[in-house]
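This report concerns only the one structure given below.
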Amino acid sequence: MKNGADGLLLKQRIIIHYMKKKSIPYTYIFYYFFIVFLIGAIFLSRPKGAVELLINQHHFLWADIFFSTVTHLGDGLVFLAVFPVLLMYRYSFALLCSLNAAIHMLIALLMKKLIFPHAPRPLEYFKDVDLVQVAGVTMHHWHSFPSGHTATAFALTSMVSMVFPKRHFFQVLMLLIAVLVGFSRVYLMQHFMGDVLVGSFLGLSSALLSRCLVVRYFNSKVFKSGLLPKRKIELSKLATLSAKR
């Protein structure tokens, strides 16, 4: 009986330790760096603008509609839609969302307006070239580096992946959405590929930094609750559920 009780207690401690562990989206990060490596090896070795011009020569109506729509997932206002949902589940998630939004937007703004204010966008860089433009899309000439929409997309999707660290398929889906947003910025001739790559790294780094801040300074019990009441489960039931799995 004593051995059985000790085994149950050990299981309970393992479950508690696992639940307290703040996992990061390893699947998301692994495939992210894999994709970045491929893009860097294939595209950035070519002259600036060569890939962008090649993409611009292959426009289709369905692609114009799709990418001009999906690019809006990189708008900063998307964070406002996600924030209240996270607030319902856990205050720490809402803090993660707020910090993530503030950090990546502030850094992107500083880089665009102060550090690289004269970085030309494709429309300005290829001003002597007759580029294909998608109807209804407002074109810009400057503040190209880095891509703010891409930074927002990667900051948001990597953050959501952190909230669901064990759902690997979901993490891949989130990464795919972010990649599509990043590609849309090139397809719409709003950014160069280099702008998108740096924007993606900025977004991912912002999410990881925000996570570190939340885990370090906001790990008390009060931040683990949310507006929705949580259902309490006894430790013995948790051990039983773990054994069934």
Side-chain angles (χ1 to χ4, degrees), residues 18-44 51 55 60 62-63 65-86 88-90 92-101 103-105 108 146-188 190-191 193-212 214-215 242 245:
Y18 182 77
M19 292 177 65
K20 288 183 177 180
K21 185 180 179 181
K22 304 296 183 181
S23 300
I24 59 176
Y26 293 106
T27 302
Y28 182 102
I29 294 175
F30 172 79
Y31 284 110
Y32 166 78
F33 282 106
F34 178 74
I35 292 173
V36 167
F37 175 78
L38 287 180
I39 294 177
I42 296 174
F43 295 108
L44 296 186
V51 174
I55 294 174
F60 307 95
W62 65 267
I65 297 174
F66 176 77
F67 287 116
S68 62
T69 302
V70 77
T71 196
H72 291 296
L73 293 177
D75 293 338
L77 294 177
V78 178
F79 273 94
L80 294 179
V82 176
F83 176 81
V85 178
L86 297 179
M88 298 295 287
Y89 286 94
R90 185 174 290 189
S92 61
F93 291 165
L95 276 171
L96 175 65
C97 182
S98 301
L99 289 171
N100 191 17
I103 290 172
H104 91 270
M105 289 182 182
S147 171
H149 279 71
T150 305
T152 296
F154 278 87
L156 181 65
T157 55
S158 56
M159 178 195 70
V160 174
S161 296
M162 292 175 187
V163 177
F164 302 99
K166 294 191 294 182
R167 301 188 179 183
H168 305 303
F169 176 79
F170 183 74
Q171 293 177 24
V172 174
L173 177 61
M174 288 293 100
L175 179 59
L176 176 61
I177 292 174
V179 170
L180 288 174
V181 173
F183 182 78
S184 73
R185 306 309 290 167
V186 178
Y187 182 88
L188 298 174
Q190 296 282 29
H191 288 283
M193 193 66 69
D195 306 334
V196 169
L197 289 177
V198 174
S200 69
F201 185 76
L202 171 59
L204 176 61
S205 301
S206 172
L208 292 174
L209 176 59
S210 301
R211 170 189 171 274
C212 291
V214 170
V215 172
S242 175
R245 291 181 181 178

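The analysis underlying the following values was restricted to heavy atoms, covering all of them including side chains, and did not include hydrogens, waters or symmetry mates. Residue numbers run from 1 in the order of the sequence given.
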Quick one: are [X] and [Y] in side-chain contact, heavy atoms under 4.5 Å?
X    : Y    : answer
R90  : V163 : no
I29  : L208 : yes
F154 : V181 : no
I103 : L209 : yes

Supply the atom-to-atom distance [X] [atom1] to [Y] [atom2], rounded to the nearest 0.5 angstrom.
X    : Y    : atom1 : atom2 : result
F34  : I39  : CZ    : CD1   : 11.0 Å
T150 : H191 : OG1   : NE2   : 6.5 Å
M193 : R185 : CE    : CZ    : 13.0 Å
H149 : L188 : NE2   : CG    : 9.5 Å
L99  : L95  : CG    : CG    : 6.0 Å
C97  : F79  : SG    : CZ    : 5.5 Å

Next on the checklist: What verdict does the side chain to side chain contact (heavy atoms under 4.5 Å, CB included) test give for L86 and L96, after you've listed the backbone C-alpha separation in whole Å, the side-chain angles of each residue and the deciding distance to 0.1 Å?
Outcome noted: CA-CA 9 Å; L86 297 179; L96 175 65; over 6 Å; no
Taking every non-hydrogen atom, the tightest pair across [X] and [Y]:
X    : Y    : answer
M174 : V160 : SD-CG1, 3.9 Å
G203 : S158 : O-OG, 4.1 Å
G199 : P146 : N-CB, 4.0 Å
Q171 : K166 : NE2-N, 4.2 Å
P25  : S161 : CB-CB, 3.5 Å
S200 : L197 : OG-O, 2.6 Å

Checklist entry - Is the side chain of Y32 donor-acceptor paired with the backbone N or O of F201 at a distance under 3.5 Å, no angle test? => result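 Yes, because the side chain of Y32 sits within donor-acceptor range (under 3.5 Å) of the backbone of F201.
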Checklist entry - Counting only N and O atoms by type, is there a donor-acceptor contact under 3.5 Å from the side chain of S206 to the main-chain atoms of N100? => result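 Confirmed, S206 side chain pairs with N100 backbone.
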Next on the checklist: Assess the residue pair L175 and T157 against the criterion (side chain to side chain contact (heavy atoms under 4.5 Å, CB included)); give the C-alpha distance rounded to whole Å, side-chain angles, the decisive distance to 0.1 Å, and a yes or no.
Outcome noted: CA-CA 7 Å; L175 179 59; T157 55; 5.9 Å; no
Next on the checklist: Tell me every residue that passes side chain to side chain contact (heavy atoms under 4.5 Å, CB included) with F183, counting only those two or more places apart in sequence or in another chain.
Outcome noted: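 Side chain to side chain contact (heavy atoms under 4.5 Å, CB included) check on F183 returns I55, F67, Y187.
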Next on the checklist: Run the side chain to side chain contact (heavy atoms under 4.5 Å, CB included) test against V172 and tell me which residues pass, sequence neighbours left out.
Outcome noted: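 Counting only residues at least two positions away or on another chain, V172 forms a side chain to side chain contact (heavy atoms under 4.5 Å, CB included) with T27, Y31.
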Next on the checklist: Test side chain to side chain contact (heavy atoms under 4.5 Å, CB included) on H72 and V78; report intermediate values, then the result.
Outcome noted: CA-CA 8 Å; H72 291 296; V78 178; over 6 Å; no
